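Heads up: the structure comes next, in structure tokens.
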Amino acid sequence: MTTPTVLITGGAKRIGAQMARAFGAAGWHVIIHYGHSREDAEALAQTLPSAETAQCDLADGDAAVAMVQRLSDTHQNLRLLINSAAVFRYDGGDAIDPAIFAEAMQVNAQTPARMAQAFLKGTPHGRMVINMLDMKLANPNPDFFSYTMAKHALSATVRMLAMAYPAHRVYGLAPGAMMPSWDQQPDEHLTSGRMNLLQRLTDPVELADAALFMADGVLASGETLFIDSGQFLLSQPRDVLYLARA
């Protein structure tokens, strides 16, 4: 297969699905990873010019590494890994929930880092990894405490992996409030999505366009782009979900 191939974790829904549609439209063969959303993944694959699905529970790091190795063996033109899948559960700054913390660190940090290492190790030059981060890296607040800690951990891997694998490219993408999250109502989403410097809703298409730009390989390895209409430049005391609700 000469068509470039991308593996997108969590590609069946939300941001991952937007990425899958964008890369499919740009002529890539898309491997849509899913954990439990088989019907959504298969339905999305049917709408793309060239796509397939792959199942794996990212709470099992060994299984995730094995999936990457298997797909690398069967897809000689697998060029890009987008680590988009994440768990987003609430705990606060007053007390870490041990179970939420353990899951967040495993799924949001350790597994994607191991997948990236397996993807880049021992392969020819020219592969790329995009780690999906969060504007909370620059504009943190105590809400979703374990989630935010895990995203900081994943962010640290971007430059470290870029240094460890200089023949490849590793990037970070940090979105802001973009899609309804947690238990948001539609009116709350419209309000929270405009809590940025441009006072506008950031379209998920913009994030997918940024990923396509990164896939061209012109940006220096190790860089992170914030796609959030300037939200990362603010200092917000709580997650915008709660600021909008208040």
Side-chain angles (χ1 to χ4, degrees), residues 8-25 30 32-48 58 82-94 97 100 103-104 107-108 130 132-151 172-212 225-246:
I8 305 174
T9 68
K13 292 184 175 182
R14 294 174 60 83
I15 294 299
Q18 186 66 56
M19 295 282 180
R21 286 188 285 267
F23 276 86
V30 181
I32 303 167
H33 158 267
Y34 67 93
H36 306 287
S37 304
R38 177 179 177 178
E39 291 185 1
D40 293 302
E42 292 180 348
L44 177 59
Q46 290 296 319
T47 69
L48 302 181
L58 299 187
I82 301 180
N83 280 314
S84 179
V87 291
F88 185 68
R89 308 193 196 284
Y90 185 84
D91 62 354
D94 56 337
D97 183 302
I100 290 175
E103 181 188 37
V107 176
N108 296 1
I130 298 176
M132 201 62 58
L133 305 174
D134 196 291
M135 72 85 214
K136 289 175 181 284
L137 300 174
N139 177 10
N141 61 74
D143 294 316
F144 301 96
F145 200 82
S146 292
Y147 164 85
T148 305
M149 288 181 68
K151 286 297 184 179
L173 261 183
M178 192 171 289
M179 303 182 78
S181 63
W182 200 238
D183 61 351
Q184 268 193 326
Q185 300 302 308
D187 60 327
E188 294 173 338
H189 169 239
L190 291 175
T191 300
S192 66
R194 294 189 174 95
M195 290 181 171
N196 54 59
L197 287 182
L198 298 183
Q199 299 181 3
R200 62 185 283 272
L201 288 170
T202 308
D203 195 322
V205 171
E206 299 172 46
L207 192 66
D209 287 344
L212 285 167
L225 296 182
F226 287 80
I227 309 297
D228 63 353
S229 300
Q231 187 182 359
F232 80 103
L233 296 170
L234 301 177
S235 179
Q236 294 165 318
R238 296 208 66 187
D239 191 279
V240 290
L241 184 159
Y242 299 109
L243 293 179
R245 188 165 294 172

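Quick caveat: nothing in here was measured; it's all calculated off a predicted structure.
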Could you give the distance from CG (D239) to CE (M195), rounded to the nearest 0.5 Å?
10.0 Å

Determine, for D143 against R238, whether the closest basic-nitrogen to carboxylate-oxygen distance falls under 4.0 angstrom.
yes

Output, in order, the C-alpha distance, side-chain angles, deciding distance and verdict of side-chain contact (heavy atoms from CB on, under 4.5 Å) for Y34 and D40.
CA-CA 9 Å; Y34 67 93; D40 293 302; over 6 Å; no

Does the side chain of S229 pick up a donor-acceptor pair with the side chain of T202 at under 3.5 Å?
yes

D228 and M178: side-chain contact (heavy atoms from CB on, under 4.5 Å), yes or no, with the steps?
CA-CA 8 Å; D228 63 353; M178 192 171 289; over 6 Å; no

Donor-acceptor contact present, side-chain S181 to main-chain A177, <3.5 Å
no

Residues Y147, K136; criterion side-chain contact (heavy atoms from CB on, under 4.5 Å); working and verdict:
CA-CA 10 Å; Y147 164 85; K136 289 175 181 284; 4.1 Å; yes

Interatomic distance, T191 atom OG1 to L241 atom CG [nearest 0.5 angstrom]
11.0 Å

Sub-3.5 Å donor-acceptor pair from the side chain of E188 to the main-chain atoms of Q185, do we have one?
yes

For the CZ atom on R38, are there more than 12 heavy atoms of other groups (residues, nucleotides or ligands in this structure) within a distance under 6.0 Å?
no

When every non-hydrogen atom of M132 is compared with those of P175, the smallest separation belongs to SD-CD, 4.1 Å

Looking only at heavy atoms, the pair that brings P237 and N141 closest together is O-CB, 3.5 Å

Hey, are the side chains of V205 and Q18 touching, using non-hydrogen atoms and a 4.5 Å cut-off?
yes

Is the closest side-chain donor-acceptor distance between Q236 and N139 under 3.5 Å?
yes

Identify the heavy atoms of G11 and L44 that sit nearest to each other, and give their distance.
O-CD2, 3.2 Å

Return yes if some donor-acceptor pair links the side-chain N/O of H33 with the main-chain N/O of I8 below 3.5 Å, else return no.
no

Looking at side-chain heavy atoms only, is the closest gap between R245 and D183 below 4.5 Å?
yes

With a 4.5 Å cut-off on side-chain heavy atoms, are L198 and Q231 touching?
no

Using 30° and 60° as the class boundaries, would you call the ring planes of F144 and W182 parallel, tilted or perpendicular?
perpendicular

With sequence neighbours excluded, tell me which residues meet side chain to side chain contact (heavy atoms under 4.5 Å, CB included) with A211.
M19, F23, I130, L173

Value for CZ (F226) from CG (N196), rounded to nearest 0.5 Å, stands at 14.0 Å

Identify the two heavy atoms, one from I15 and one from M179, that lie closest to each other, and give their separation to 0.1 Å.
CD1-SD, 3.6 Å

In terms of heavy-atom contacts, I100 and Y90 come closest through CD1-O, 3.1 Å

What distance do I32 atom CD1 and K13 atom NZ have between them, rounded to the nearest 0.5 Å?
13.5 Å

Test side-chain contact (heavy atoms from CB on, under 4.5 Å) on N108 and E103 and set out the steps.
CA-CA 8 Å; N108 296 1; E103 181 188 37; over 6 Å; no

Quick check against the 3.5 Å criterion: does D134 have a side-chain atom that pairs as donor or acceptor with the backbone of G176?
no

Is there a donor-acceptor pair under 3.5 Å between the side chain of D203 and the backbone N or O of E206?
no

Look at R89 together with D97 and state whether they make a salt bridge at an N to O cut-off of under 4.0 Å.
no

Under 3.5 Å, side chain of T9 to main-chain N/O of A85, donor-acceptor pair present?
yes

Keeping D91 on the side-chain end and F145 on the backbone end, is there a donor-acceptor pair under 3.5 Å?
yes

Search all heavy atoms of R14 against all heavy atoms of P180 and return the closest pair with its distance.
NH1-O, 2.7 Å

Which value, rounded to the nearest 0.5 Å, describes the distance between S235 atom OG and L233 atom CG?
11.0 Å

